There are 2 protein chains.
Amino acid sequence: MNASHFDIDVGARLRELRIRHGLSQRALAKRAGVSNATVSMVEANRISPSVSGLRQILSGIPYSLSEFFAETHPPAEQVVFRAAELKEIGGGKISYRQVGANLEGRSLQMLHERYKPGAVSGKAMLSHQGEEAGLIIRGRMLLEVDGARYELGPGDAYFFDSRKPHAFRNAGEEDLELVSACTPPSF
Amino acid sequence: MNASHFDIDVGARLRELRIRHGLSQRALAKRAGVSNATVSMVEANRISPSVSGLRQILSGIPYSLSEFFAETHPPAEQVVFRAAELKEIGGGKISYRQVGANLEGRSLQMLHERYKPGAVSGKAMLSHQGEEAGLIIRGRMLLEVDGARYELGPGDAYFFDSRKPHAFRNAGEEDLELVSACTPPSF
DNA sequence: TTCATGTGTTCAGGATATAGAACGTTCTTA
DNA sequence: TAAGAACGTTCTATATCCTGAACACATGAA
């Protein structure tokens, strides 16, 4: 289904979190209300804890199951991206300039977008969960989300669930310029 | 620590996913290589499956543990936020204007930021995992990430892992204006 | 009706996780 | 040195999960 099923190493992940928070196995066990032996064996992958058991262990850090199983992203390398080197994604009437080079494994995507007058984009229905937001820098935008229409000017912004059908249009005579962000990356 | 620990209902979640994919308990059990009794009891929350057991069940859908435990966000309400109604978060020399009213349960946060000359902000060490990105609209910014310093002008952008220590400073004589996004929300 | 097939649930026994107490090691401090 | 405390690991009885086989109910066909 979704890519990247590099089945998580529960033991290693627990150990990593515990140590990052400066806790010993016994300290964590005490805070969580479980035995230190359990923590030890879970970390060594000698046993596979029940979901409720793992939840209890994590409560001592504290961490939620969602956070525990959230994909771990490799650290970012390049920090600053000059205006000239922003990667051009679109072409023609719409220009998407992406902040960041390789978004593989990232949870955030930011774009510097330019729409020529009359340019339209958008998606009918969406694949995966996510959110997107944007803020208008220059020009006028006509936004349609889930059937409703809005006209936005400089300083105005939007925020919605990516699964809703949506469309963007340059509603003015000059170029439309905006900064958008979405999670997770859609390209 | 982080808010929103509405402990997930494992049984209900599994049942929801199974039915959404048009599978009976037995069909799922067969594909996953477990007994139908297990699926039944897990869905009824009569037992709390081991992590490995749950992983095996999910392999029949298929679903990863990450996807299974991913927070389900309530649908967004308001879509458009006028420049005048963007919620002001900071004060004084730095103004943060947040896109979106209530970010509880959201994974994305976007800010329209203004720094007066000399204004500084940033964090030494970070609590939780996440990423942040930004794009300069006006003015000059001095960015420090993990010890390295960069000067950015209009159109320039940044992207880094939130856990790295970082600081922002208005390095010019005029106001600094930028759009930033981070995940997950830090306020 | 009667049979066949589908659904989800419940039961008893073998497999596995967990608690509590022991173990061996590595420090620090006297 | 030795004593003490902290660390992670290992042992054994008990609690829990998980299977394979029944169970009860619904639907559709003959």
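Chain identifiers are assigned alphabetically (A, B, ...) following the order of the sequence lines, protein sequences preceding nucleic acid strands; residue numbering begins at 1 within each chain. For clarity, every value in this text was computed on a predicted model and none was experimentally measured.
- The main-chain N or O of B:Ala32 is found under 3.5 Å from a side-chain atom of B:Gln56 such that the two form a donor-acceptor pair.
- The shortest side-chain heavy-atom distance between A:Leu54 and A:Tyr63 does not fall under the 4.5 Å cut-off.
- Residue A:Ser40 is in base contact, counting any heavy-atom pair closer than 4.0 Å across all strands shown.
- Cluster membership for B:Tyr150 and B:Leu176, using ILVMFWY side-chain heavy atoms within less than 4.5 angstrom, is shared.
- With the nearest nucleotide of DNA chain D identified for both A:Ala44 and B:Arg46, A:Ala44 has the one nearer the 5' end.
- From the 5' end on, the contacts that DNA chain C makes with chain B at under 4.0 Å to a non-hydrogen atom open and close at C:dT7 to C:dT10.
- Both cation-pi conditions hold for B:Arg13 and B:Phe68: the charged atom is under 6.0 angstrom from the six-membered ring centre and inside a 45 degree cone around its axis.
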Practice problem: Sugar-phosphate means primed atoms, P, OP1 and OP2; the rest is base. With that split, encode nucleotides 19-25 of chain D 5' to 3' as B, S or - using protein heavy atoms under 4.0 Å. | Solution: BB-B---
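- Residue order along DNA chain C, read from the 5' end via each residue's closest nucleotide, puts B:Arg15 first among B:Ser52 and B:Arg15.
- At least one side-chain heavy atom of A:Gln25 sits less than 4.5 Å from a side-chain heavy atom of A:Arg15.
- The backbone N or O of A:Lys116 lies less than 3.5 Å from a partner atom in the side chain of A:Asn170, making a donor-acceptor pair.
- A donor-acceptor pair under 3.5 Å links the side-chain atoms of A:Glu67 to the main chain of A:Ser64, judged by distance alone.
- D:dT16 atom P lies 16 Å from atom CG of B:Asn45, rounded to whole Å.
- Salt-bridge formation is not detected for the pair B:Glu173/B:Arg140: no Lys NZ or Arg NE/NH1/NH2 atom is positioned less than 4.0 Å from an Asp or Glu carboxylate oxygen.
- Taking atom CD1 on A:Ile47 and atom P on D:dA15, their separation rounds to 17 Å, with Å as the unit.
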